[in-house]
Amino acid sequence: MTKEISTGYQPGDVETQWYDRWVEGGCFRGDENGDKESYSIVIPPPNVTGILHLGHVLNNTIQDILARRARMEGKDVLWLPGTDHAGIATQSKVEQKLRKEEKKTRRDLGREAFLERVWEWKDKHGGIIIEQLKRLGCSCDWDRERFTMDEEYSKWISKIFVDLFEEGLIYRGKRMVNWCPKSLTALSDEEVIMKPQKSKLYFMRYRVVPEDGDDGERWVEIATTRPETLMGDTGVAVNPDDERYGDLVGRKVIRPFPEAEIPVVADEHIDPEFGTGVLKVTPAHDKADFDIGVKNDLEIIDVFHPDGKLNDHAGPEFSGMDRFEARKAAAEKLEEMGQLVKVEDYENNVGFSERADVPIEPRISMQWFLKYPCVEEAANAVANDEIRFRPDRWKKTFAHWMDGIQDWCISRQLWWGHQIPVWYRKEKAEELQARESLDAEQAGSDLHVGIDPPADEENWVRDGDVLDTWFSSWLWPFATMTDSDAEPSATEKKFYPTTDLVTAPEIIFFWVARMIMAGYRWRGELPFRNVYFTGIVRDGKGRKMSKSLGNSPDPLDIIAEYGADALRFAIMRTAPLGSDIRFDIANEGGKEVYPQVVEGRNFANKLWNAARYRQMQPDSAQFDAASLSIYSIDILAKLDKLTVDMAAAYEDYRFNELAQLLYDFFWSNYCDWYLESSKSALSEDADEAVRNSTLATMDEVLKRFLLLLHPYMPHITEELWEKLGFRKEDDPEFLMQTALPSAAILADLDEADISQAQEQVKAIYEAVGRARNLKAEYGLSANKEVKFIIDPEGAGLEDVDVFRQLVGAAGVSIEPGFEAEKGVPTALTPIGKIYLPLDGLIDLDAERERLGKESKKAEDELKKVNAKLANENFVSRAPEAVVKEMRDRQKQWQERVDELGRMIDNLGS
RNA sequence: GCGUGGGUAGCUCAGUGGUAGAGCGGCUCGUUUACACCGAGUUGGUCGGGGGUUCAAAUCCCUCCCCGCGUACCA
């Protein structure tokens, strides 16, 4: 076995070592006493027990890029991290575990013991995602890490509850809410996801209660998707203008079971076109029906238990039955009674609980609600761009929601979360909690709403509900900086309002909108100036990444294999502003590979090797703009342009374009062209001054490029910065603390000289392309050292060496006015005519003319013949005998070609 | 339904009035002073359909089709 010394870049240890050094060096600390311009971001807190997914990678890489760039621009930067307690998500996880491992429910343990379990779970899993963010390279100020259930943070929640209650914005009331029969809690409208469902539309008929003057029996037909709620029907509604039913209004129909007479009412909300134009009204189980019920003073009969099973009001035969079973059973019973007319397939939208993924049940229950504060300020701030949305089309979505804003149901029937800071005096508790409404005005000595419990706590009962998780998240930007009972901290004074917020558009209402309102309410100003909305990470087929689909690769696995820098670069390069990201997953021999990440890794490797190449050369003398070759001027001018273009792209948050600019500059301009052209300048017999300025140019380019690339690929750039010895005595300890370069390397040179040099280089490079092309056409491999003859024109060649080096020629001679024999391969280029003199070739031009248009295939054959011939005589003229042999072979081929030509002709006729 | 983003090479996408581009893939060739995680060359396109404006349209206008997202009390 041969021992292979890897020339490739191995990211693993390099990345973790640098991360540790940065942390030890205090690089991430936001200096609240600093006197530089401030830049700040608060992290969208991930779920405390969550696991890093590609969405996080995208989101946090963007934040890290912004933070690192800001540091290098010389700002005082704070990226404040933390985690969210995620009420339902975390509680269900623990409940699930309890059920599985101990066959117990949370009620078996009791509130206190259960919460202990959740804290245990949190302590065990809470740190995982934080460690994962560190592995990604995130430069958060970890000393300032917050958790939404920290003691200090929790006080904030109580404080704002009390504030809003006293202001009359929080009230308790019996309302129609979205009820999750699985989690057994109320949800906010935002937590309900509408999904189209294939269901059935049941047409049933109710008998009209006979009246005097009726002409025989009368029935009305009613269409419904939910026959299982029929037992809760307390009315039937028709449109007042519907002629078919106008006379029925005010009369009664018979609900089949439990049998009862229910009134027919008129309501404009009814669409005569839909179904039969008659609606069964179930005020307890539908929001619209509830409204109709209230308007018409209908009875409200709840036929469900909280878990979605039917209760006694549904009658003994249905009681205890699950709602979906009951749907079938009710339909069957109607059928038996002869009151089911028909059943049609039907597609409708059904609201699902976001977390539990079961259809939610509209349900009347006692909950706490909030009327939003500072709605107008928040709406205006976004409308007039005080807070800039990117892309700004989200403004419209935001405005639309703010426009139709509804009171927020903030109470949850959970245990994990911030318990509502409301206490009822023991002997009055039952009575108070049964009241249809409770607000600040009714608060008396029997109701205590406060940050602290009442002094004689044993005489009080605390409200058992907790607050919606988002009720704590909306304070995040300032509650993480200052304690609730203190004056604004130095940190807040320095870093609030924050500069950028990077988040997913999915939580524009859940979080962004509410933070803006909270910012105005408690801090009197906006919480952030820019909101960058990322796209959604999808798989190669365009499906959203999700656990259940199993299409979501673990970013940590990817990092382990390719490196964090590669993953960061890959995801940024494919993340255009505001549209979704396709994360391609290919399968190679049963193993998943990620083409975009492979490219990222290859890029890192390319960078690594370009640096290695530089390291193999001697040190350079001082950089001197006056003694540069045209090639050096060209690459430095392109670097200046890169610097300028990047600044502009950062202005507009065009992250994928930035990645592309970096990639193209380095790989194409620097490696493929400049490095290759430098090889002749670095050769042993090259001029000393040229060699020196070339090396100095390489250093300058690498130095500046590493700085520009650092926010995207922090680890490898830092490593190379050190390896190449770019840190000068007085420089900061790390690359990440070093100031970005300005775009003025060539400031000493004349503008016109620069553009002239660039034009010349462009012409030469184009000629190189043509010459290579010529070689390839004759099957001469890149390293066959052919001889070219150039008949110069225009810009011409300053020296032949670079050209020779780039095309891989043994010799290039300049022969003004050179006249080639017929058939010698020729190319027209901006620097003149280029000839590749080879003997005994078939004259392709002549043949092309002879064979006509149809000869594509014949021409290809001829090209192959020429390639063979060329390969046998590429350096010098062949001896007579060889030439003769080739001519014979040429003749044979020619015959075949003629035959082919005839065949084509025949085919044509 | 309304709003919104999109449909360009086999794949992922750039390209807002002036000769259709990049990367990946495919094919051919290759142990050149870094890099095969590489180099050189090459092959791929009625720019979703139709109509219009214009000397000129992927780009502007109209219309239709398809996909995604948001939103809506159609039972």
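Note that the coordinates shown come from a computational prediction; the quantities given were computed from them, not determined experimentally. Note on naming: letters A, B, ... go to the chains in the order of the sequence lines (proteins, then strands), and numbering restarts at 1 for each one.
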Protein-nucleotides 21-23 of chain B N/O pairs under 3.5 Å:
{"from": "G23(B)", "atom 1": "O2'", "to": "E599(A)", "atom 2": "OE1", "distance (Å)": "3.1"}
{"from": "G23(B)", "atom 1": "O2'", "to": "E599(A)", "atom 2": "OE2", "distance (Å)": "3.4"}

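With P as the reference atom, A14(B) and A9(B) are 12 Å apart, rounded to whole Å. G44(B) and G23(B) have their C1' atoms separated by 14 Å, given to the nearest Å.
Atom P of nucleotide G70(B) and atom CH2 of W401(A) are separated by 16 Å, given to the nearest angstrom. Between H400(A) atom NE2 and G1(B) atom P there is a gap of 16 Å when expressed in whole angstrom units.
Scored by the salt bridge (charged side-chain N to carboxylate O under 4.0 Å, His left out) test, K703(A) finds no partners at all (sequence neighbours excluded). For K396(A), there are no salt bridge (charged side-chain N to carboxylate O under 4.0 Å, His left out) partners, not counting sequence neighbours. Scanning for salt bridge (charged side-chain N to carboxylate O under 4.0 Å, His left out) contacts around D286(A) gives an empty result, with sequence neighbours left out. In this structure, the ring pair (Phe, Tyr, Trp, His ring centres under 6.0 Å) partners of W608(A), at least two apart in sequence or on a different chain, are Y9(A). Take D664(A) and apply the salt bridge (charged side-chain N to carboxylate O under 4.0 Å, His left out) test, not counting sequence neighbours, and it matches no residue.
Taking the side chain of T397(A) as heavy atoms from C-beta on, and the options C74(B), G3(B), G70(B), the nearest nucleotide is G70(B). With C35(B), U12(B), U4(B) as the choices, the nucleotide that has an atom nearest any side-chain atom of Q596(A) turns out to be U12(B). Distance from the side chain of K606(A) is smallest to A34(B) among G3(B), A34(B), A75(B). The side chain of N602(A) approaches C37(B) more closely than any other nucleotide in the set G39(B), C37(B), U12(B). With A75(B), A40(B), U33(B) as the choices, the nucleotide that has an atom nearest any side-chain atom of T225(A) turns out to be A75(B).
Nucleotide G39(B) has C29(B) as its partner under the Watson-Crick or G-U criteria, with both atom distances under 3.5 Å.
Partner of D233(A) under the salt bridge (charged side-chain N to carboxylate O under 4.0 Å, His left out) criterion, chosen from R255(A), R226(A), K280(A): K280(A).
Comparing W667(A) and N349(A) against RNA chain B, the residue whose closest nucleotide sits nearer the 5' end is W667(A).
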